[in-house]
Amino acid sequence: MATVALQHVASMYAGVAAPPLIIGAAAGLSPAQLTTLLAASLFIAGVATLLQTLGPWGIGSRLPFVNGVSFATVSPILAVIEAEKGAALPLIFGSTVVAGLVCFLLAPLFCRLVRFFPPVVSGTVITLIGISLLPVAGNWSQGGNSSAPGYGSLGNLGLAGVTLLAVLLFNRFLRGFLQRISILLGMLVGTLVAIPFGKVDAGALGELPLFELPHPFAFGAPQFQLAAIVSMLVVTVVSMTESTADMIALGEVVERPADDRTIAGGLRADGLATAFGGVFNGFICSAFAQNIGLVALTRIRSRFVVALAGVFLLVMGLVPVVGGLVSLVPQPVLGGAGVVLFGSVAVAGIRTLGKADLSLGSNAVIVAVSLAFGIFPIAFPDFYRAFPEQLATVLHSGISVGCLLAVVLNLLFNHLGRGREIPPSYVPEQQVEALGRVAGPA
């Protein structure tokens with residue numbers, strides 16, 4: 001039981017560790033602060049996984065369902081950091097609390113709205129998330145700070161290249177759960193190579209306590225800003241859609257179809273863990289789809305095995321040294337791993353778009369227009385400079401605009417008037433069957 005639970009932790013660990021590392025690096029946090037952020041993400045992932053698996057008081061799906069920090073939250077948070085500079089984290093955690101409460105309250109209603117987020121919408125948004133993060137990997141590969149000496153040097157680019165090569169080789173030649181953590185192993189190789197060049201400072205590890213409880217609002221009292229809240233709500237809708245699809249797919253894998261009650265309970269757990277995370281320095285929680293493949297692969301369907309994985313995550317979150325070790329990773333190493341990590345997000349979006357019928361002209365138009373307006377701020381950071389300042393945070397990442405356009409255009413072309421004749425690929429039941437087939441052999 002412990003062995004399989006550890007496999008679940010190994011499968012998801014890179015996904016849990018990456019967002020706080022990315023956000024902490026962008027916010028310019030010290031190693032100690034970065035350790036706090038990572039420990040919070042591990043702790044909240046444990047709480048969310050226990051809620052999902054045990055399902056107390058109707059909160060949780062009671063499926064072998066692993067939860068953790070949603071990668072979709074990274075891009076809008078980076079936009080908030082860019083706009084607000086030093087005051088960003090209190091705004092981020094305040095908007096995360098609001099997003100969690102909204103998710104909790106809307107859970108029963110959202111089950112009935114999933115048809116408005118078919119693959120053509122969710123795939124477009126996920127693709128935009130991946131594309132918007134790729135420039136971040138390029139910046140880190142050069143050193144992360146354009147004003148620092150050595151930025152863009154061959155040494156930094158070489159370190160990023162070594163990390164990327166290690167990730168590719170591990171992914172090619174390893175098997176099983178070791179292959180699933182190839183990104184984490186590649187980051188380990190890159191960090192070891194960086195030590196002789198003086199790019200790793202382990203001095204802060206000796207100052208970390210052996211055990212430490214998470215501190216609420218460790219980065220300051222929460223602040224609330226409409227633009228930041230809207231950005232988090234957009235991410236929440238995307239995460240709720242992903243979690244719903246993953247719960248339905250997992251229900252097929254374990255031969256216990258997820259009904260509205262199961263989905264509502266699972267979304268309540270997402271919302272409660274997200275609000276809890278905002279208080280204890282965490283971020284929006286969502287499903288980890290890779291663990292669905294692990295359930296199908298091992299054929300061990302007990303939710304109590306995954307609950308034990310949640311206990312392991314809790315313990316890791318309470319031991320700061322674990323986070324301290326991960327915070328040693330230099331930014332060029334993060335950049336090399338980020339090429340695969342962020343690119344994989346875009347590929348996941350493209351895979352989702354493959355479930356939509358893009359031979360229909362209307363669907364092609366939805367994707368084309370939504371991607372265009374989402375990519376404009378990436379190619380031209382000042383594209384929306386003429387808009388009111390209050391909208392700057394929402395528009396800067398492009399994901400909010402892309403999501404809104406995708407939803408509105410989908411309603412216009414596929415739900416109103418003659419567009420109500422929805423192609424078969426839009427039928428939720430068929431989408432569910434496709435997800436189940438994908439999860440099965442994974």
Side-chain angles (χ1 to χ4, degrees), residues 1-25 29-54 64-71 73-74 177-178 180-188 191 202 204-216 218-219 269-270 272-274 276-288 290-291 294 303-329 334 337 341:
M1 185 175 183
T3 302
V4 180
L6 285 172
Q7 285 188 86
H8 277 285
V9 174
S11 296
M12 68 163 323
Y13 185 83
V16 174
L21 282 175
I22 295 166
I23 294 165
L29 299 184
S30 67
Q33 291 174 317
L34 195 55
T35 297
T36 299
L37 208 61
L38 178 59
S41 293
L42 291 168
F43 183 78
I44 300 304
V47 171
T49 301
L50 285 172
L51 284 174
Q52 287 288 6
T53 52
L54 301 181
F65 199 45
V66 176
N67 270 53
V69 178
S70 171
F71 212 96
T73 195
V74 172
F177 82 95
L178 287 177
R180 293 177 181 274
I181 61 169
S182 58
I183 292 177
L184 192 63
L185 294 176
M187 290 168 63
L188 175 61
T191 303
L205 284 179
E207 302 174 4
L208 295 176
L210 182 62
F211 179 86
E212 185 177 45
L213 291 172
H215 299 289
F219 296 91
D270 279 0
L272 186 60
T274 296
F276 187 75
V279 174
F280 288 95
N281 320 299
F283 307 103
I284 292 175
C285 287
S286 183
F288 273 66
Q290 59 264 42
N291 291 85
L294 187 57
R303 60 192 175 102
F304 298 107
V305 170
V306 178
L308 182 57
V311 173
F312 287 148
L313 289 166
L314 272 177
V315 173
M316 292 167 69
L318 296 173
V319 181
V321 174
V322 175
L325 288 172
V326 179
S327 68
L328 298 177
V329 180
L334 282 176
L341 195 60

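Values below: every heavy atom of this structure, side chains too, minus hydrogens, waters and symmetry copies. Quick caveat: nothing in here was measured; it's all calculated off a predicted structure.
- Shortest non-hydrogen contact noted between Leu54 and Ala307 is CD2-CB, 4.1 Å.
- Taking Leu314 as the reference, Phe43, Val47, Leu50 meet the side-chain contact (heavy atoms from CB on, under 4.5 Å) condition, with sequence neighbours excluded.
- Minimum heavy-atom separation, Arg303 to Thr53: NH1-O, 2.7 Å.
- The two residues Leu51 and Ala269 make their nearest non-hydrogen contact at CB-CB, 4.0 Å.
- A distance of 5.0 Å separates CZ in Phe219 from CG in Leu37, rounded to the nearest 0.5 Å.
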Residue pair Phe65, Val306: steps toward the side-chain contact (heavy atoms from CB on, under 4.5 Å) verdict: CA-CA 7 Å; Phe65 199 45; Val306 178; 5.9 Å; no
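- Panel note: side chain Asn281, backbone Ala40; no donor-acceptor pair is recorded below 3.5 Å.
- Under the rule for a side-chain hydrogen bond (donor to acceptor under 3.5 Å, both in side chains), the partners of Asp270 that lie at least two apart in sequence or sit in another chain are Gln52, Asn67, Ser243.
- Here the shortest heavy-atom pairing between Val69 and Pro19 reads CG1-CB, 3.7 Å.
- Side-chain contact between Leu334 and Ile22 is absent, with no heavy atoms from C-beta onward closer than 4.5 Å.
- Across every non-hydrogen atom of Ala273 and Ile44, the tightest pair is O-CG2, 3.6 Å.
- Residues Phe283 and Val74 fail the side-chain proximity criterion, which asks for heavy atoms closer than 4.5 Å.
- Taking the side chain as every heavy atom from C-beta outward, Met187 and Leu21 approach each other to under 4.5 Å.
- Using a 4.5 Å heavy-atom threshold, the side chains of Leu318 and Pro214 count as touching.
- Summarising the geometry of Gly68 relative to Ala45, their closest heavy-atom pair is CA-CB, 3.9 Å, with the distance given to 0.1 Å.
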